[in-house]
Amino acid sequence: AQSVSQHNHHVILSEAASLELGCNYSYGGTVNLFWYVQYPGQHLQLLLKYFSGDPLVKGIKGFEAEFIKSKFSFNLRKPSVQWSDTAEYFCAVNSLNTDKLIFGTGTRLQVFP
Amino acid sequence: DAMVIQNPRYQVTQFGKPVTLSCSQTLNHNVMYWYQQKSSQAPKLLFHYYDKDFNNEADTPDNFQSRRPNTSFCFLDIRSPGLGDAAMYLCATSREVGVAGQFQNIQYFGAGTRLSVL
């Protein structure tokens, strides 16, 4: 069965610090990969996605993620975080054969001014 | 403008009293999903509709039912809520898009309904 692991459960950073959130998945076939963000009191929003092509994908608000197939990873990065990036971040995967998303348990990011 | 709308945002019910949560969409997507999300946990898929075809997850309790009367609306019925059913319930929609010979499927989420069971 597919699964998604996010090893960082809670990350605390100061503004302007660099961010990297880990995401690993287990599935041997071709996958689509997503990062969703959930700001306090708001709905899940798509941050970025990877379907095919360039493994380095850029999303909204300066976020990017790199798909490394050999490591089954899709880590999220941002060079310089802002206080407004405080949110919960979820990595998700689906295989090409299914409409279903498998989510990781999420990483709570707190950014202090 | 909200594209996936869930009502109500907060719902309080009593132990064992049936409750219905609603979801509507303006995206005309053919797939609709219901997730349960408990505190500090990943959203867990309960079931989804592919057009009118209902797909139940194997571990979704019988206590949870769903209806989709038309493309725009989908309902989650909890027949006899227990204390363990208190959670955030998320509705999502998607539509497969063919790009360069590959189907791409992006899910769009509503704001959720937080259910409390007293």
Side-chain angles (χ1 to χ4, degrees), chain A residues 1-11 21 23-26 29-54 57 59-60 67 87-110, chain B residues 1-7 9-10 23 25 27 29-51 53-60 88-114:
Chain A
Q2 294 180 68
S3 67
V4 179
S5 299
Q6 291 182 244
H7 302 295
N8 313 105
H9 297 294
H10 191 189
V11 174
L21 301 182
C23 173
N24 289 90
Y25 66 93
S26 64
T30 304
V31 294
N32 298 323
L33 298 153
F34 307 83
W35 275 97
Y36 281 85
V37 60
Q38 190 171 28
Y39 298 104
Q42 296 189 27
H43 62 282
L44 279 164
Q45 301 174 40
L46 183 66
L47 202 53
L48 47 78
K49 62 190 183 296
Y50 172 80
F51 289 118
S52 63
D54 188 345
V57 293
I60 60 173
F67 171 48
E88 187 110 25
Y89 292 81
F90 291 92
C91 182
V93 169
N94 74 349
S95 71
L96 295 188
N97 299 327
T98 178
D99 299 313
K100 300 191 293 185
L101 274 179
I102 307 298
F103 282 90
T105 51
T107 297
R108 183 176 171 217
L109 173 66
Q110 281 184 290
Chain B
D1 290 336
M3 296 179 289
V4 182
I5 302 159
Q6 291 189 243
N7 285 307
R9 292 292 307 274
Y10 301 92
C23 177
Q25 54 139 333
L27 298 164
H29 285 172
N30 60 326
V31 191
M32 292 187 78
Y33 309 78
W34 279 105
Y35 291 86
Q36 180 192 65
Q37 184 181 21
K38 295 188 176 181
S39 181
S40 301
Q41 295 184 23
K44 178 181 177 298
L45 183 65
L46 295 173
F47 23 61
H48 74 286
Y49 277 92
Y50 193 100
D51 294 319
D53 293 334
F54 177 70
N55 298 275
N56 198 33
E57 293 300 296
D59 57 355
T60 298
M88 177 73 86
Y89 289 88
L90 303 173
C91 175
T93 73
S94 73
R95 180 173 65 90
E96 284 185 341
V97 177
V99 177
Q102 179 185 9
F103 280 111
Q104 300 182 358
N105 185 314
I106 299 172
Q107 293 189 22
Y108 296 86
F109 286 82
T113 295
R114 183 168 296 281

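Numbers restart at 1 for each chain; the letters A, B, ... are given by sequence-line order, proteins then strands.
- Contact annotation: the side chain of A/L101 approaches that of B/Y35 to within less than 4.5 Å [non-hydrogen atoms, C-beta and beyond].
- Within the 4.5 angstrom heavy-atom criterion, no atom of B/R114 approaches chain A.
- For B/Q36, the side chain to side chain donor-acceptor pair (under 3.5 Å) criterion is met by B/Y89, not counting sequence neighbours.
- Distance CD/B/Q6 to NE2/A/H43: 10.5 Å, rounded to 0.5 Å.
- For a residue to count as touching a neighbouring chain, one of its non-hydrogen atoms must lie under 4.5 Å from one of that chain's; by this rule A/L44 touches chain B with backbone and side chain alike.
- Atoms CZ and CD, on A/F103 and B/Q37 in that order, are 8.0 Å from each other to the nearest 0.5 Å.
- Annotation for A/K49: atom NZ does not count as buried by contact number, only 12 or fewer foreign heavy atoms lying within 6.0 Å.
- Of all the heavy atoms in B/A42 and A/G104, the pair that sits closest is CB-O, 2.9 Å.
- A donor-acceptor pair is defined here as one N or O able to donate and one able to accept, closer than 3.5 Å; no such pair exists between the side chain of A/Y36 and the backbone of B/F109.
- Ranked by heavy-atom pairs under 4.5 Å with chain B, the first of A/K100, A/Q42, A/R108 is A/K100.
- With sequence neighbours excluded, the residues forming a side-chain contact (heavy atoms from CB on, under 4.5 Å) with B/Q41 are B/K38, listed by chain and number.
- The heavy-atom pair separating B/I106 from A/F51 by the smallest distance is CG1-CZ, 3.8 Å.
- Proximity to chain B (any heavy atom under 4.5 Å) is shown, for A/E88, by neither the backbone nor the side chain.
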